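Report on the structure given below.
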Protein chains: 2
Amino acid sequence: MKAGPNISHIASLVGEPARANMLTALMSGKALTATELAHEAGVMPQTASTHLAKLEAGGLIVTEKQGRHRYFQLSGGDVADVLEGLMGLAARTGHLRTRTGPRDPALRHARVCYDHLAGELGVGLYDGLHRQGYLAAKDEGVVLTPKGGRALNAFGIDVTGLQDQRRAVCKNCLDWSARRPHLAGSLGAALLDRFFALKWARREKDSRVVTFSPPGERELRERFAIRVEPV
Amino acid sequence: MKAGPNISHIASLVGEPARANMLTALMSGKALTATELAHEAGVMPQTASTHLAKLEAGGLIVTEKQGRHRYFQLSGGDVADVLEGLMGLAARTGHLRTRTGPRDPALRHARVCYDHLAGELGVGLYDGLHRQGYLAAKDEGVVLTPKGGRALNAFGIDVTGLQDQRRAVCKNCLDWSARRPHLAGSLGAALLDRFFALKWARREKDSRVVTFSPPGERELRERFAIRVEPV
DNA sequence: CATACACTTCGGCTATCATCGAATAATGAA
DNA sequence: TTCATTATTCGATGATAGCCGAAGTGTATG
């Protein structure tokens with residue numbers, strides 16, 4: 001009836017608790033199998049299969065077949081952005097989950113948002129990159145400055161390689177816990193990869209939580225001028 | 001248990017077509033009344049009321065009471081951002097076109113909007129009345145010109161009788177399918193009544209579809225300078 | 001080959017929820 | 001007051017869709 005994109009179809013896909021749990025699990029950026037996602041959603045495998053078929057038909061996830069497994073992952077960063085935005089709305093309107101698990105504080109501190117860093121450290125990094133003049137606001141977006149390009153090259157990131165990709169280098173992503181933007185895009189992904197390579201941080205098993213070692217977090221804060229978060 | 005905000009509840013609110021239409025209408029930033037939103041969504045007022053109560057409970061909209069009206073608007077720009085993100089996903093995943101049921105083409109062509117004509121012919125009539133100088137824009141609204149009053153009197157409409165009513169003679173009404181205004185108000189209703197009286201058109205049973213007879217539509221187009229709709 | 005595993009399809013059950021008619025409340029106008 | 005308009009609440013209905021058991025397809029392993 002209405003002209004324009006059909007948002008209700010997409011939203012209804014996310015609006016089912018089992019599917020929302022699956023999508024949340026895929027926010028880790030990892031490809032998961034149907035059985036794993038069924039367990040995450042708390043439903044039988046055959047139920048999960050119909051859900052995954054609908055998510056794929058809706059274009060929210062993509063699949064890859066390997067042997068007798070099928071691996072599912074989000075179809076792109078834009079899906080993760082919308083999910084993160086929905087989390088922000090849910091948090092603001094007081095619809096946090098009734099039982100806040102023990103991992104919740106850790107999630108707020110540092111977590112994976114699809115393929116880049118989110119949480120307190122994520123927004124702190126974003127602010128620090130601005131403070132050091134590595135990033136600059138432009139047209140409601142954000143761009144890498146020449147100074148930032150040199151600095152991050154020295155940090156071990158192939159900046160020119162990133163710029164050759166079709167994907168945007170810098171992108172804002174609204175953080176649901178901090179309600180402020182953090183850095184997405186290929187640069188955001190490359191930075192997180194570099195933190196892992198430097199052994200500053202590691203991923204928790206079966207979780208989006210990113211755990212920084214004490215020296216790793218100290219180095220991160222010094223290197224990128226991250227200030228202590230005001231409570 | 002999962003950590004983080006519960007996105008499925010929020011998403012399910014958007015995932016209902018009627019509510020999605022309401023939210024899309026509120027994307028303009030304007031505050032709309034419950035009746036207006038019911039028209040936008042294509043549901044009865046009591047149905048719209050329950051939807052609006054849920055949207056308010058979910059924190060997506062806020063209300064303000066003024067006299068016997070209640071004005072609804074989005075609770076913040078973050079809601080609009082998420083809706084925009086959903087539109088982007090819907091567009092990317094190829095869900096631009098709306099579901100085309102069998103009744104949809106007829107509905108898009110000509111239908112009743114409360115008590116006046118909507119659809120392609122509705123907006124065509126609106127444009128034709130402007131083109132002939134019968135209607136004139138005024139203060140974001142629309143008024144009947146003296147020339148228009150004479151012409152419509154000759155067409156068989158008691159214009160002076162309309163002006164004595166408390167109800168507004170001319171009013172804009174945004175067309176869902178064309179996303180452009182058509183004519184509402186007592187004049188809009190009187191015109192549709194006249195079309196029925198002249199046997200140019202009739203209403204389909206249990207439907208909002210208005211069917212014009214071939215000679216009726218031809219006369220309508222000639223009399224009111226309705227141009228062929230560009231596809 | 002046989003067996004186990006991963007996943008999908010089918011059929012029926014059930015619960016949820018959107019929808020509308022009717023009634024109610026509240027406000028404004030005559 | 002009386003009437004009209006706006007919005008809400010209640011009750012019944014109907015359609016949608018999630019869910020799981022059972023069966024079927026395809027893949028790896030012994």
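Just so we're clear, the structure is a prediction, and the values are computed from it rather than from any experiment. Lettering follows sequence order; numbering is per chain, from 1.
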Go through the steps to decide whether Phe155(B) and Trp200(B) satisfy the test ring-ring contact (aromatic ring centres under 6.0 Å, His included), and finish with yes or no. CA-CA 13 Å; Phe155(B) 184 61; Trp200(B) 285 4; 5.7 Å; yes
Leu55(B) CG to dA18(C) P, straight-line distance once rounded to whole Å: 10 Å
Whether Arg19(B) contacts dA18(C) is assessed here as follows: a side-chain N or O lying under 4.0 Å from the phosphate OP1 or OP2. Is that the case? yes
What is the distance from CE of Met22(A) to C1' of dC7(C), rounded to the nearest Å? 13 Å
Specify the separation, in whole Å, of atom OH of Tyr71(A) and atom C1' of dT27(D). 14 Å
In whole Å, what is the span from the CG atom of Leu52(B) to the P atom of dT6(D)? 15 Å
Quick check on DNA chain D: between Ser12(A) and Gln66(A), whose nearest nucleotide comes earlier from the 5' end? Ser12(A)
Could you check which of dT27(D), dT9(C), dC7(C) has an atom nearest any side-chain atom of Thr50(A)? dT9(C)
Give a yes/no on whether any side-chain N or O of Arg70(B) is located under 4.0 angstrom from OP1 or OP2 of dA26(C). no
Of the candidates dC19(D), dG21(C), dT9(C), the side chain of Thr47(A) sits closest to dC19(D)
What is the distance, to the nearest angstrom, from the NE2 atom on His69(B) to the P atom on dT8(D)? 12 Å
If you check every side-chain atom of His51(B), which of dA18(C), dC7(C), dG21(C) has the closest atom? dA18(C)
Should Arg111(A) and Asp175(A) count as an ion pair when the cut-off is N to O under 4.0 Å? yes
Looking at Asp78(A) and Lys171(A), is any side-chain nitrogen of the basic one under 4.0 Å from a carboxylate oxygen of the acidic one? no
Under 3.5 Å, is there any donor-acceptor pair linking the side chain of Glu16(A) to the base of dG18(D)? no
Can you measure Leu37(A) atom CG to dA6(C) atom C1' for me and round it to whole angstrom units? 13 Å
Under 4.0 Å, counting only non-hydrogen atoms across every strand here, what does Lys65(B) touch: a base, just sugar-phosphate, or nothing? nothing
Pair Tyr126(B) + His130(B): ring centers closer than 6.0 Å: yes
Lys54(A) has a side chain; which of dA17(D), dC7(C), dT6(D) sits nearest to it? dA17(D)
Base, sugar-phosphate or nothing for Ala18(B)? Non-hydrogen atoms, less than 4.0 Å. sugar-phosphate
Glu56(B) has an atom CD; how far is it from atom C1' of dT8(D), in whole Å? 12 Å
Judged by nearest nucleotide, the residue sitting upstream toward the 5' end of DNA chain C, Ala34(A) or Gln46(B), is Ala34(A)
Just by distance, with hydrogens left out, do Thr33(B) and Glu36(B) show a side-chain donor and acceptor under 3.5 Å apart? yes
Nearest whole angstrom, please: distance from the P of dC20(C) to the CE of Met44(B). 6 Å
